[in-house]
Number of protein chains: 2
Amino acid sequence: MNFDQADAINQAIRRLSLWHRARVGELLAPLGLHPGQEALLLELARSGPMIQAALSTALGCEPPSVTQMSRKLEASGHVLRRPARGDKRASVVELTDSGTALVEQLRRLWRGLAEETVAGVAEPSVAGLPELLNTLASNVRRADRPGAQ
Amino acid sequence: MNFDQADAINQAIRRLSLWHRARVGELLAPLGLHPGQEALLLELARSGPMIQAALSTALGCEPPSVTQMSRKLEASGHVLRRPARGDKRASVVELTDSGTALVEQLRRLWRGLAEETVAGVAEPSVAGLPELLNTLASNVRRADRPGAQ
DNA sequence: TAGAGTTAGTTATGCGGATAACATTATCCG
DNA sequence: CGGATAATGTTATCCGCATAACTAACTCTA
């Protein structure tokens with residue numbers, strides 16, 4: 001692969017990252033949320049109450065990020081943190097009623113965003129998009145590379 | 001589009017963003033650079049010395065980000081900032097010799113990253129990848145949406 | 001030409017996310 | 001059992017990037 005091709009790919013990924021996140025931020029602002037927090041709330045809605053370590057894995061980010069985000073969502077009342085029974089190290093995070101209500105709005109917003117994102121892309125490509133993007137993501141994921149711990 | 005499809009797309013984009021950036025960070029660390037800075041250096045290598053406002057547009061990020069990044073790259077000696085002749089408001093940013101040398105290493109690294117990223121993706125898909133990703137990016141780009149200023 | 005409006009850049013502040021260093025608790029095994 | 005090792009979570013610190021608020025300079029037009 002020559003430099004121009006490589007650059008086109010890397011730049012496109014960068015642009016998509018930046019602008020998708022910015023758009024998420026715009027859509028989330030009226031709900032009082034910041035980008036990233038929606039992922040945590042949606043994960044809790046999907047999987048129910050869970051330990052922060054599990055959240056860290058599910059969200060694909062590091063434990064300190066989870067600590068901060070869950071603290072802030074706790075401060076805004078959308079999430080509740082309590083000691084895990086059976087493991088004095090762990091904290092269980094779960095949705096409050098307020099958080100559950102927010103998730104409902106999030107779901108609508110999330111669908112609108114996805115539709116907006118794939119506008120003008122042929123249907124077959126759209127169907128294969130998650131798999132394609134996840135392949136790219138896995139390829140650059142640290143834990144999937146030899147030598148990672 | 002139902003929620004699960006939408007979620008698959010949005011989540012995949014999030015993961016790709018996170019992990020691609022993390023991987024860039026890993027590769028850049030030995031050069032003493034942080035993710036984002038490579039984009040600025042490569043843009044200067046592509047287009048030559050330019051005003052910060054042009055950099056802001058080219059990089060797809062906001063002016064304060066450009067101010068900070070160019071200041072830090074100036075501090076590390078890879079970039080030089082000087083007043084623009086003909087416009088007392090503007091600053092021209094250009095590569096130093098050190099920056100030019102870095103860009104050479106960046107190019108190699110950039111190619112390796114792109115190859116790593118598209119591993120296991122069929123050739124026709126790879127060829128169309130930049131266009132596909134740029135379509136997605138444009139779709140969520142603020143400036144391309146009605147009502148943006 | 002004078003004032004309105006626009007554009008370039010900066011500072012301040014806040015968030016997500018990362019790493020490094022650390023304390024605490026679990027677990028595994030000799 | 002008890003000590004080494006692993007896992008959970010926290011704090012501190014750093015960076016990119018964002019918005020808001022501001023200054024200074026350019027441009028356009030009445």
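Below, all heavy atoms of this structure are taken into account, side chains as well, without hydrogens, waters or symmetry copies. Proteins come first, then strands; the chains are lettered A, B, ... in the order of their sequence lines, and each starts at number 1.
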Value in whole Å for how far the P atom of dG9(C) lies from CZ of Arg82(B): 13 Å

Whole angstrom value for the distance that separates C1' of dT11(C) from CD of Gln68(B): 10 Å

Segment of DNA chain D, first to last nucleotide, that comes within the 4.0 Å heavy-atom reach of chain A: dA7(D) to dC17(D)

Among dT10(C), dA26(C), dC15(C), the one nearest Ser91(B) by side-chain distance: dT10(C)

Asp87(B) CG - dT7(C) C1' separation (whole Å): 8 Å

Residues Arg81(A) and Glu94(A) bridged, charged N to O under 4.0 Å: no

Sidechain-backbone polar pair: Thr96(A) side chain, Gly77(A) backbone, donor-acceptor under 3.5 Å: yes

Asp97(A) atom CG, over 12 foreign heavy atoms within 6.0 Å: no

Closest contact, heavy atoms only, Val140(A) versus Glu116(B): CA-OE2, 4.0 Å

Short side-chain N/O contact from Thr67(B) to OP1 or OP2 of dG9(C), under 4.0 Å: no

Sugar-phosphate only, base, or nothing, as touched by Pro64(A) at under 4.0 Å among non-hydrogen atoms: base

Glu43(B)/Ser47(B) under side chain to side chain donor-acceptor pair (under 3.5 Å): CA gap, chis, key distance, verdict: CA-CA 6 Å; Glu43(B) 181 57 38; Ser47(B) 310; 2.7 Å; yes

Interatomic distance where CZ belongs to Arg89(A) and P belongs to dT24(C) [whole Å]: 14 Å

Atom pair distance, as rounded to whole Å: CD in Glu74(B) and C1' in dT10(C): 14 Å

cation_pi(Arg111(A), Phe3(B)) dist<6.0 Å, angle<=45: no

Between dT25(C) (P) and Lys88(A) (NZ): distance, integer Å: 7 Å

Length of the NZ-C1' vector between Lys72(B) and dT10(C), whole Å: 15 Å

Neighbours of DNA chain C within residues 39-56 of chain A, by heavy-atom distance under 4.0 Å: none

Check: Leu113(B) main-chain N/O paired with Asn10(A) side-chain donor or acceptor under 3.5 Å: no

Position toward the 5' end of DNA chain D (nearest nucleotide), Ser70(A) or Arg14(A): Ser70(A)

4.5 Å side-chain heavy-atom contact, Val93(A) and Met50(A): no

Gln37(A) CD - dG14(C) C1' separation (whole Å): 12 Å

Donor-acceptor pair between Ser98(B) and His78(B) side chains, under 3.5 angstrom: yes

Partner nucleotide of dC26(D) by Watson-Crick or wobble geometry (both distances under 3.5 Å): dG5(C)

Below 4.0 Å: OP1/OP2 of dT11(C) and any side-chain N or O of Arg71(B): yes

